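Heads up: the structure comes next, in structure tokens.
Quick note: numbers below take in every heavy atom, side chains included, and nothing from hydrogens, waters or symmetry partners. Protein chains get the first letters and strands the later ones, always in sequence-line order, with residue 1 at the start of each. In this text the structure is predicted, and so the values were computed from the model without any measurement.
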Amino acid sequence: MTASTQRRERTAASTRSTQESPFVKWTLIGVAMLFAGVFLLLPLLNVFVQAFSAGWAGYWGALTDEDTFSAIKLTLIIAAISVPLNVVFGLAASWCIAKFDFRGKAMLLTFIDLPFAISPVVSGLMIVLLFGAQGYAGEWLQAHDIKIIFALPGMVIATIFVTFPFVARELIPVMQATGSDQEQAALTLGASGWQTFWHVTLPSVKTGLLYGIILCNARAMGEFGAVSVVSGHITGLTDTIPLRVEKLYHEFNPAAPFAVASLLAVLALVTLALKTFLEWREHRRLELAPPPENLPPPA
Amino acid sequence: MSIELKNVSKKFGGVSAVHEVSFSVNDGELVALLGPSGCGKTTVLRMISGLELPTGGDLFVRGVRVNDIPVQQRNIGFVFQSYALFKNMTVFKNIAFGLKIKKWKQADIAARVAELLTLLGLEGFENRYPHQLSGGQRQRVAIARALAPKPSVLLLDEPFGAVDAKIRQELREWLVHLHHDLKVTTLFVTHDQEEAMEVSNRIVIFSRGHLEQVGTPREVYEQPVNEFVARFIGVMNVLELEVRGGIARAHELEFPNHGLPDGQRLRIGFRPYAVQISTNLKTFRYQAVLRHTYFLGVLLRLELELPSGLTVRARMTKEEFAHLGLSDGQSVSMQIRQYRVLAHEGEVLRPEVATTYDIPVNLGEGI
Amino acid sequence: MADKKFNPLPGFGLTLGFTLFYLSVIVLIPIAALFLKSFSLSWREFLDLATNARALAAYKLTFGASAIAALANAVFGTLLAWVLVRYDFPGRRFIDALVDFPFALPTAVAGLTLASLFAENGWLGQFLVPYGIKGAFTPLGVVLALTFVGMPFVVRTLQPVLENFDRGVEEAAATLGAGRWRTFLRIIAPTLLPTIITGFALAFARAIGEYGSIVFISGNMPFQTEIAPTLIVMRLESYDYTGAMALAIVLMLFSFVLLAAINWLENWAGKFTKQ
């Protein structure tokens with residue numbers, strides 16, 4: 001976190017012998033910015049320019065379309081179910097992993113990372129193989145008239161799978177770093193396990209938790225591959241926003257898919273902004289807190 | 001009796017961290033647990049608090065066996081080495097935490113916290129967060145938090161470890177005054193013998209999970225029971241002597257044989273203050289050269305080298321040094337006034353309760 | 001009572017129990033289901049399904065394009081990380097924040113906007129297509145999309161290492177007479193290389209499984225621009241579950257090997273960058 005301040009001090013202090021010539025420096029910056037421009041900035045701007053290529057009316061029309069509206073609703077429902085579940089899991093997993101020692105911890109950590117390593121399409125396929133008509137639970141589900149595949153439950157399960165590690169992965173290192181001293185202090189003061197968790201642990205990992213929730217939510221709302229496999233693409237029923245974008249794209253309507261996609265781009269920007277804000281706040285809290293000597297005398 | 005340990009042991013896996021330790025702390029005492037790092041002293045403190053469970057023996061707090069009482073119900077104030085302040089809470093909320101847990105009334109909490117803020121000189125800081133406090137202030141908040149629920153005993157783990165040397169001195173005096181005012185039974189862990197000597201009523205000395213000695217600072221300094229304590233508390237010259245011709249000898253130094261036959265060995269120790277020095281080479285029995293002088297403030301430490309190459313550490317005040325007009329490289333005569341037998345040898349060296357022996361000055365001419 | 005691993009904090013059984021339960025239900029059982037189902041195939045059937053010509057073409061494109069994209073990220077990502085850490089210039093903080101954009105942007109949107117950028121009438125396509133550089137509906141488009149989705153990996157892996165890099169070492173090299181270029185090649189590059197390789201492997205692993213963005217930019221033509229995940233979806237849509245499964249097994253085994261390699265690489269790189 002101190003890196004940026006350190007960097008400036010070092011840059012100021014370092015001699016020319018450890019710096020590149022201005023020509024080399026600005027060439028490197030130029031090439032890097034070209035790369036960042038083509039792969040970061042242009043794609044972002046393009047979404048919005050294309051979205052408004054049919055004018056405000058076209059944009060508004062695409063967004064207020066009935067099927068688009070139901071896609072937005074479905075996306076929100078899926079995120080509202082899967083994110084809280086992964087938060088509960090993340091808290092439980094980080095508590096036992098960060099605060100306790102037990103055999104097989106490294107293996108557990110690897111398992112938690114697994115969903116990141118698996119292609120979303122394969123994740124979707126696995127859920128189809130479990131709950132689909134051909135799947136292990138298929139007959140039983142059909143007999144009891146429970147629809148999972150090509151319906152909301154399947155899409156929720158697919159979303160939980162692909163967003164599974166986000167919260168846990170953010171929380172585990174934070175909880176490990178804060179150690180157990182504060183919790184032990186709470187215990188010596190008579191606090192029960194729950195009281196300790198609510199009043200001491202949770203507030204101290206708040207930022208990490210928010211961070212995890214934001215990333216988990218972004219992925220949950222934006223997931224394409226896994227959800228696509230299990231959704232069945234029923235317009236107005238099992239289309240999420242990303243699936244709706246694809247459908248509009250295949251309808252060869254030039255502006256409409258971008259208009260809907262702009263919602264997701266805004267989601268991405270909000271996610272980035274929140275993430276940057278959280279980092280900035282944490283940075284300020286940790287590093288820029290006034291050194292105790294310089295504090296004004298107590299009131 | 002506030003705290004009593006009876007044969008308390010702790011094993012981590014197969015490793016014995018604390019081995020059959022027994023001692024007790026009286027009501028209102030201020031006791032130091034002293035030892036080098038990794039000697040098990042912190043483990044003892046944590047077992048008393050309930051943060052660690054003993055693998056053997058019995059623990060009593062105010063006469064009640066607490067082995068099976070969980071940490072929450074032991075009513076113990078624990079001050080962590082890292083202070084472990086709740087980072088997300090203000091000073092006020094930190095101190096009030098234990099009272100809230102005990103479901104005190106809001107008004108009572110406010111009164112108790114205000115009382116502690118005054119007692120610890122923290123008035124005006126109640127709305128600060130821990131990161132807005134200096135090291136010394138944080139420590140006082142940690143102590144206030146531990147004291148708030150009126151614990152039966154106060155336990156401090158390396159209370160001065162995390163602050164710099166200058167503040168540490170102030171904090172020591174402050175702890176003594178606080179203890180004097182509150183009279184709460186206090187047990188603290190330290191690796192700094194000077195700190196333990198200065199602050200505590202009694203010292204419990206550990207090494208490698210074993211209890212070595214319990215005593216007042218004066219007792220452990222003047223009557224160390226063995227070589228470990230002797231070396232750990234203050235500076236001690238330690239010699240291994242062999243009895244030859246009825247006299248115990250090491251290099252040119254000669255001591256009484258303490259009834260041991262020839263060929264047997266014993267270990268003795270003597271403090272630097274027991275070494276007498278004269279610039280007159282005839283005054284004392286042994287000849288030596290002053291090699292180095294270390295200025296320690298009021299006192300000076302002298303390194304004397306005997307003709308055989310043996311180095312002996314001595315000590316004197318600045319005034320004595322000036323009076324004698326000593327300088328490095330000078331030849332002097334010296335004499336050991338008092339020593340302590342630390343171990344005898346039968347077949348092997350075996351520790352026994354050490355005894356102090358005085359050597360009359362006139363023995364300088366020979367034993 | 002005398003547990004050698006006594007910990008005064010409560011809740012271990014509850015949280016570990018819930019963690020294992022949730023992990024099993026959400027992750028382990030579905031993975032097991034895939035492997036169990038695949039056992040219904042004979043070895044021959046599996047080989048036929050997993051290695052027919054269309055599948056082989058799909059692997060070739062998937063692995064080839066992923067490798068090229070990861071390599072591009074290794075080169076340009078290193079450059080970007082270097083520039084962001086070492087230099088101060090207008091817009092640095094903005095670009096730094098924007099590096100995470102590919103993580104935050106749903107891949108469908110990435111594919112959509114990249115396809116439109118490189119299309120014949122797109123912002124970039126209008127200049128590139130006349131020179132025969134077609135970014136949309138070609139294998140090149142696949143590479144472009146995979147470069148986009150994998151971009152943050154190298155930059156974000158390398159940044160902390162560069163920030164903690166001991167400038168004293170560079171100064172020492174300078175006092176010993178080494179020029180800047182020599183210092184970079186002999187001192188800086190060897191220290192950073194393990195981390196760059198780790199970032200490369202992460203970007204590569206991410207690219208192998210990518211689907212959302214490719215759907216939009218590649219055109220999904222069999223034998224030409226069809227990647228393995230797309231082929232899985234194609235087979236699923238024609239109710240060829242066994243065919244989809246065989247491909248999925250190949251992809252997943254490859255992912256596991258990569259995951260193990262990345263774990264090993266991270267340890268290895270850690271040794272180089274520890275001060």
Taking side chain as everything from C-beta outward and backbone as N, CA, C, O, which of these in [X] sits under 4.5 Å from a heavy atom of chain A? Side chain, backbone, both or neither.
X        : result
C:Leu144 : both
C:Phe103 : neither
C:Ala110 : neither

Please report the interatomic distance [atom1]([X]) to [atom2]([Y]), rounded to the nearest 0.5 Å.
X        : Y        : atom1 : atom2 : answer
C:Leu98  : A:Leu272 : CG    : CG    : 6.5 Å
C:Leu23  : A:Phe89  : CG    : CZ    : 6.0 Å
A:Met126 : C:Ile29  : CE    : CD1   : 11.5 Å
C:Leu112 : A:Phe258 : CG    : CZ    : 3.5 Å
A:Leu125 : C:Met252 : CG    : CE    : 9.0 Å
A:Lys99  : C:Phe12  : NZ    : CZ    : 14.0 Å

Full working for side-chain contact (heavy atoms from CB on, under 4.5 Å) between C:Leu80 and A:Met33: CA-CA 8 Å; C:Leu80 192 52; A:Met33 287 308 104; 3.8 Å; yes
Residue-level interface, residues 104-112 of chain A with chain C, non-hydrogen cut-off under 4.5 Å: A:Leu108, A:Thr110, A:Phe111, A:Ile112
Which portion of [X] sits near chain C, non-hydrogen atoms under 4.5 angstrom:
X        : result
A:Val229 : side chain
A:Leu187 : side chain
A:Leu243 : neither
A:Asn217 : neither
A:Leu45  : both
A:Val128 : side chain

Ring centroid separation C:Phe101 to A:Phe39 under 6.0 Å: no
Between C:Tyr211 and A:Phe224, ring centroids under 6.0 Å: yes
A:Ser119 vs C:Ile208, side-chain contact (heavy atoms from CB on, under 4.5 Å): CA-CA, chis, key distance, verdict: CA-CA 7 Å; A:Ser119 172; C:Ile208 296 290; over 6 Å; no
Contact check, side chains of [X] and [Y], non-hydrogen atoms, under 4.5 Å:
X        : Y        : result
C:Phe89  : A:Lys25  : no
C:Leu9   : A:Phe197 : no
A:Asn86  : C:Tyr22  : yes
A:Val24  : C:Trp181 : no
C:Pro229 : A:Val122 : no

Heavy-atom pairs under 4.5 Å with chain C, option from A:Glu183, A:Gln134, A:Gln50 with the top count: A:Gln134
Examine distances only and state if a side-chain atom of [X] and a backbone atom of [Y] form a donor-acceptor pair shorter than 3.5 Å.
X        : Y        : result
C:Ser255 : A:Ile118 : no
A:Tyr249 : C:Phe216 : yes
A:Tyr136 : C:Lys37  : yes

Residue pair A:Glu20 / C:Tyr87, side-chain donor-acceptor N/O under 3.5 Å: yes
Residue that, paired with A:Val38, satisfies side chain to side chain contact (heavy atoms under 4.5 Å, CB included) out of C:Phe148, C:Phe118, C:Trp123: C:Phe118
Verdict with reasoning, A:Trp26 to C:Val83, per side-chain contact (heavy atoms from CB on, under 4.5 Å): CA-CA 9 Å; A:Trp26 287 102; C:Val83 163; over 6 Å; no
Evaluation steps, side-chain contact (heavy atoms from CB on, under 4.5 Å), between C:Leu259 and A:Phe116: CA-CA 9 Å; C:Leu259 187 68; A:Phe116 278 168; over 6 Å; no
